[in-house]
Amino acid sequence: MNEKYLQPYNAENVEDAISKIWEESGFYNPDEMIKAGLTDPNAEAFSIVLPPPNVTGTLHTGHASMLAIQDIMVRYHRMLGKRTLWLPGTDHAAIATQSKVEKLLQKEKIRKHDLGRKAFLERVNTFAQDSHDTIVSQCKKMGASLDWSREAFTLDKEREHAVYTAFTQMYNDGLIYQKERIVNWDPKGQTTISDDEVVRENRKGTMYTFKYSHDFPFPIATTRPETKLGDTAVAVHPEDKRYQEYIGNEYSFNFAGEDVTVKIVADEHVDPEFGVGALGVTPAHSVADWDIAQRHNLPLKQVINEYGKMIVGMEGVKDVKVAAAREAVVEWLKSEGLLLVKEDTIQSVGTAERTGAVIEPLPKLQWWIDVNKKFPAKDSKIEDIEKGQMVSLKELMLHVVRNEQIDILPSRFEKTYFNWIENLRDWNISRQIWYGHRIPVWYKGDDIFVGTEAPSGDDWKQDEDTLDTWFSSGLWTFSTLGWPNTESDDFKTYHPTNILETGHDIIFFWVARMILMTTYLLGDIPFETVYLHGLVRDAKGRKMSKSLGNIIDPVDLIGKYGTDALRMALIVGNGPGGDVNLDENKIKAYSKFGNKLWNITRFVLTETESINLDKDFEYSLRDQELIKEQEELFQELTKEMNEFKYYLVSEKLYHYTWDTFASEILEESKTIFENGSTEEIHSRRQFLLHSLKMIVTMLHPFMPFITEEIWKDLKNNDDRDILMTVSWPTL
RNA sequence: GGGCGAUUAGCUCAGUUGGCUAGAGCAACCCGUUUACACCGGGUAGGUCAGGGGUUCGAGUCCCUUAUCGCCCACCA
């Protein structure tokens with residue numbers, strides 16, 4: 001027996017050595033598996049794309065959990081003999097990365113405009129490269145069997161070509177258009193953001209009820225008096241008796257130094273029960289008011305600029321930030337005797353997901369994707385949609401989930417998905433930041449050119465804006481497989497992918513966008529199953545955050561307990577959609593399990609030292625009984641593997657190994673070895689060896705390192721050298 | 001305002017399509033080392049499965065209801 005078993009299991013030494021074996025084998029790459037004769041070239045394909053981590057820093061425990069789940073899926077299918085690809089990459093994460101680098105520059109007292117676009121982007125690229133390198137090494141530490149030879153980046157040349165191709169097609173189909181409309185403006189990030197990048201927060205505010213002027217017939221209420229300088233109407237409910245006589249009238253007056261004219265309009269949107277039942281309409285600075293203005297053809301008047309400062313008004317208001325201007329306007333109302341009521345209220349404030357700034361709705365010229373416009377469907381692999389049939393993006397997105405061509409797990413998220421799509425508005429895809437895919441539109445005078453490359457000839461100027469990062473992420477399942485070349489081997493073999501495993505927090509940002517892009521561009525689905533995992537929380541179930549100081553670094557945990565133990569702690573009891581509380585004690589428990597398995601191996605090897613697995617003999621009655629029990633369990637486990645119930649399989653393997661195999665069978669074996677007949681002893685030795693091989697094989701997707709290490713001492717001549725490439729037991 | 005989820009042992013949680021005396025890890029208490037493993041073994045204690053009602057031969061599991069907590073979505077000024 002190998003002397004290593006005389007010492008307790010040392011995860012750290014073993015894991016590094018095993019990683020090396022796997023990487024040097026090249027078997028993460030399915031092509032190498034085929035070359036070595038380990039995978040049948042005609043085998044069914046199985047593919048997953050890694051949700052590309054943002055190059056904004058290092059991986060956290062959430063990533064660790066994601067890697068563990070996906071690696072289980074991948075190793076399992078590889079062992080089933082499938083042509084298995086797990087494709088890695090990273091995401092440039094436009095705004096997130098740019099604002100991170102801006103913060104770093106701020107510490108050096110450098111502003112990005114002083115550097116200029118080119119120098120700034122060099123800084124960002126350096127930062128992104130560092131993050132990338134850290135992420136790659138962390139993925140490897142987790143034992144993730146990713147095919148690095150196919151690694152991609154959302155902002156590299158190949159992906160740019162895919163992005164430009166997609167943009168051009170959508171533009172030519174009239175799905176991408178440019179229009180001035182009210183947008184979510186982030187005054188801190190100096191860019192627009194899409195609706196789902198706006199995080200709503202309930203904050204304390206003050207509701208002011210006042211009259212515009214002494215001549216105005218009735219009061220209105222608002223939480224933002226400073227925007228009233230931009231009012232162009234007052235809306236009331238059409239059936240509200242109090243205001244009937246005023247509908248259609250126009251009133252002009254001076255408000256805090258600005259000449260204002262408002263028209264009284266009747267609109268169903270107004271709730272007569274709320275406040276005074278009359279709403280000052282500010283089309284340029286409120287999304288709801290913009291919609292009212294559209295319905296009544298009202299003029300637009302911008303009073304706040306991109307820096308969140310007032311551009312009109314009296315002294316103390318003009319050129320002042322909105323918060324201070326609000327105070328000034330309220331003071332003015334008081335002094336004029338126009339303020340009637342001031343009361344505390346809770347208001348829902350939109351903030352920018354990345355910068356935390358309060359969103360200032362502003363009218364701006366932007367690029368949009370029309371989700372309602374009908375277009376002829378591409379050559380369609382979508383069930384019940386024929387080629388050329390007129391469909392909208394929204395319809396396609398709903399259709400493929402409704403007809404279960406795409407399955408979402410857990411299924412309750414399907415409802416959430418439908419609800420979101422049904423209320424979807426056009427997608428604002430242009431951003432006023434530097435880091436990202438530059439919009440593939442060029443201008444020369446009044447001419448406009450949209451294409452995958454700059455037009456020939458001088459004086460063409462490319463659009464300054466970049467694309468929303470999710471535009472490129474939306475193409476991920478096929479831009480990584482060679483698209484727009486649909487004839488490439490990878491594309492033909494691995495698309496659509498089988499499973500998308502990701503967090504339920506990005507179902508709208510990403511999952512929905514991938515479905516949008518793929519159904520539109522390919523007339524196909526991007527993946528068959530969406531497996532959504534929850535959040536990794538701390539031991540007490542709290543969200544990990546910097547302010548709570550409860551962030552756990554997966555690398556520290558691996559150093560302490562080993563990757564196998566961490567993986568088990570993240571998997572057991574963690575079903576789809578559920579949050580997992582990561583308790584260090586749980587990891588500790590599974591590191592003990594590793595040692596248990598180690599000692600089981602020691603016992604079995606000691607007792608079976610001189611023998612090989614014998615295929616031609618009959619088990620004793622007792623052993624036949626044990627085999628039967630075992631096979632029943634293993635069949636059940638295989639079924640559960642196919643149902644994505646990794647949380648059950650891992651737990652059951654743990655209990656079988658410890659409570660049944662070690663506590664009962666090994667103990668019983670001691671008696672047999674002492675008192676049994678020759679036949680009984682031989683049978684039991686065979687049984688132990690056989691069982692341990694089965695256990696180690698089935699545990700491999702969960703605890704890849706220790707099982708691979710044990711396999712070295714367990715394999716026979718006719719077994720494959722590397723456990724990763726061994727077949728999953730078929731019973 | 002709409003939707004979803006949770007509530008099981010001191011703590012953190014499993015419990016798969018309703019089916020034998022409700023489980024795990026950690027914590028607590030007692031005992032055990034001539035060895036596969038003290039990173040261990042054996043044992044003890046601890047739960048009216050949030051409350052109430054219903055369906056059923058049978059409910060932690062299904063239905064209704066109440067309470068508490070949490071999450072997501074939404075243009076109530």
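Proteins get letters first, then strands, A, B, ... in listed order; numbering begins at 1 in each.
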Checklist entry - Should the pair A:R567 and A:F702 be classed as cation-pi, given the thresholds of under 6.0 Å to the six-membered ring centre and 45° from the axis? => result no

Checklist entry - Separation of A:H533 atom NE2 from B:G5 atom P, in whole Å? => result 20 Å

Checklist entry - Which whole number of Å gives the distance between the P atom of B:G19 and that of B:G42? => result 28 Å

Checklist outcome for this item: Taken to the nearest whole Å, CD/A:E422 to P/B:C72 is 21 Å

Checklist entry - Does a side-chain N or O from A:W658 land closer than 4.0 Å to OP1 or OP2 of B:G41, or not? => result yes

Item to check | Counterpart base for B:G18, defined by Watson-Crick or G-U wobble contacts under 3.5 Å | outcome: none

Checklist entry - Whom does B:C62 pair with, Watson-Crick or G-U wobble, provided both distances fall under 3.5 Å? => result B:G54

Checklist entry - How close or far is atom C1' of B:C71 from atom NE2 of A:H504, stated in whole angstroms? => result 8 Å

Checklist outcome for this item: Against the side chain of A:I600, the closest entry in B:A36, B:C73, B:C75 is B:A36

Item to check | B:A24 - base-pair partner by Watson-Crick or wobble geometry, distances under 3.5 Å | outcome: B:U12

Checklist entry - Under 4.0 Å between a side-chain N/O of A:K588 and OP1 or OP2 of B:G25, yes or no? => result no

Item to check | Interatomic distance at C1', B:A28 relative to B:U68, whole Å | outcome: 29 Å

Next on the checklist: Between B:G51 and B:G58, how far apart are the two C1' atoms, rounded to whole Å?
Outcome noted: 23 Å

Checklist outcome for this item: When A:Y9 and A:N419 are each assigned the nearest nucleotide of RNA chain B, the 5'-most assignment goes to A:Y9

Next on the checklist: Starting the side chain at C-beta, find the nucleotide from B:U12, B:C4, B:C26 nearest to A:N585.
Outcome noted: B:C26

Checklist entry - Nearest to the side chain of A:V270, which nucleotide is it out of B:C75, B:A77, B:G5? => result B:A77

Item to check | Protein-nucleotide distance (A:D267, atom CG; B:A77, atom P), rounded to Å | outcome: 16 Å

Next on the checklist: Assuming nearest nucleotide by heavy-atom distance, tell me which of A:E640 and A:K596 is located more 5' along RNA chain B.
Outcome noted: A:E640

Checklist outcome for this item: The nucleotide from B:C39, B:C13, B:G5 with an atom nearest the side chain of A:N595 is B:C39

Next on the checklist: Please verify the inter-ring angle class for A:Y251 with A:F216; under 30° counts as parallel, over 60° as perpendicular, anything in between as tilted.
Outcome noted: perpendicular

Checklist entry - Looking across every strand, which nucleic acid part, if any, lies under 4.0 Å from A:R537 by heavy atom: base, sugar-phosphate, or nothing? => result nothing

Item to check | Interatomic distance where CD belongs to A:Q347 and P belongs to B:A77 [whole Å] | outcome: 7 Å

Next on the checklist: I want to verify a distance call: between B:A24, B:C72, B:A77, whose nearest atom is closest to the A:T222 side chain?
Outcome noted: B:A77

Next on the checklist: Against A:Q686, only a single residue in A:H690, A:R684, A:H682 fulfils side-chain contact (heavy atoms from CB on, under 4.5 Å); can you say which?
Outcome noted: A:H682

Checklist entry - Starting at CG of A:N599 and ending at P of B:A38, how long is that distance when rounded to a whole Å? => result 7 Å

Checklist outcome for this item: Taking every heavy atom of A:A278 against every heavy atom of A:P219, the minimum-distance pair comes out as CB-O, 4.1 Å

Checklist entry - Is B:G41 paired to anything, Watson-Crick or G-U wobble with both distances less than 3.5 Å, and if yes, which nucleotide? => result B:C31

Checklist entry - B:C4 phosphate, OP1 or OP2: any side-chain N/O from A:K415 under 4.0 angstrom? => result yes

Next on the checklist: Within the 4.0 Å heavy-atom criterion, would you say A:A235 contacts the bases, only the backbone, or no part of the nucleic acid?
Outcome noted: nothing

Checklist entry - Using atom C1' of each nucleotide, how far apart are B:C49 and B:A9 to the nearest Å? => result 10 Å

Next on the checklist: Under 3.5 Å for both donor-acceptor distances, Watson-Crick or wobble: does B:C49 have a partner, and if so which one?
Outcome noted: none

Checklist entry - Among the nucleotides B:A77, B:G42, B:C75, which one has an atom lying closest to any side-chain atom of A:S663? => result B:G42

Next on the checklist: Just to be sure I understand the rule, does A:K645 reach a base, reach only the sugar-phosphate, or reach nothing, if contact means heavy atoms closer than 4.0 Å?
Outcome noted: sugar-phosphate

Item to check | Distance-only donor-acceptor test, A:H269 side-chain atoms vs B:C76 base atoms, 3.5 Å | outcome: no

Checklist entry - Base, sugar-phosphate alone, or nothing: which one does A:Y647 contact when heavy atoms must sit under 4.0 Å apart? => result sugar-phosphate

Next on the checklist: Quick check on the 6.0 Å ring-centre criterion: do A:F218 and A:Y243 meet it?
Outcome noted: yes

Next on the checklist: How close do A:Y646 and A:I571 get, counting heavy atoms only, and between which atoms?
Outcome noted: O-CG2, 3.7 Å

Next on the checklist: Counting only Watson-Crick pairs (N1-N3 plus N6-O4 or O6-N4) and G-U wobbles (N1-O2, O6-N3), all under 3.5 Å, who is the partner of B:C69?
Outcome noted: B:G5

Item to check | Sugar-phosphate, base or nothing in reach of A:E667, heavy atoms under 4.0 Å | outcome: base

Checklist entry - When rounded to the nearest Å, what value does the distance between P atoms of B:A50 and B:C13 take? => result 15 Å

Checklist entry - Can you name the closest pair of heavy atoms from A:L424 and A:K394 and give their distance? => result O-NZ, 3.1 Å

Checklist entry - Minimum heavy-atom separation for A:I182 to A:V287, with atom names? => result CD1-N, 4.0 Å

Checklist entry - Of the nucleotides B:C75, B:A77, B:C72, which has the atom closest to the A:R200 side chain? => result B:C75

Next on the checklist: Tell me the interatomic distance from A:D659, atom CG, to B:A24, atom P, rounded to whole angstroms.
Outcome noted: 8 Å

Next on the checklist: Under 4.0 Å, heavy atoms only, any strand: does A:K652 hit a base, just the sugar-phosphate, or nothing?
Outcome noted: base

Next on the checklist: Does the structure place the NZ or CZ of A:R181 under 6.0 Å from the centre of the six-membered ring of A:W290, at an angle of no more than 45° from the ring's axis?
Outcome noted: no

Checklist entry - Taking the same atom, P, in B:U8 and in B:G52, what whole-Å distance lies between them? => result 15 Å

Checklist entry - If the P atom of B:U56 is compared with that of B:G10, how far apart are they to the nearest Å? => result 34 Å

Item to check | Euclidean distance for P, B:A45 against B:A24 (whole angstrom) | outcome: 13 Å

Checklist entry - Nearest to the side chain of A:P8 - B:A36, B:A14, B:C39? => result B:C39

Checklist entry - A:K592 NZ to B:G25 P: how many Å, rounded? => result 10 Å

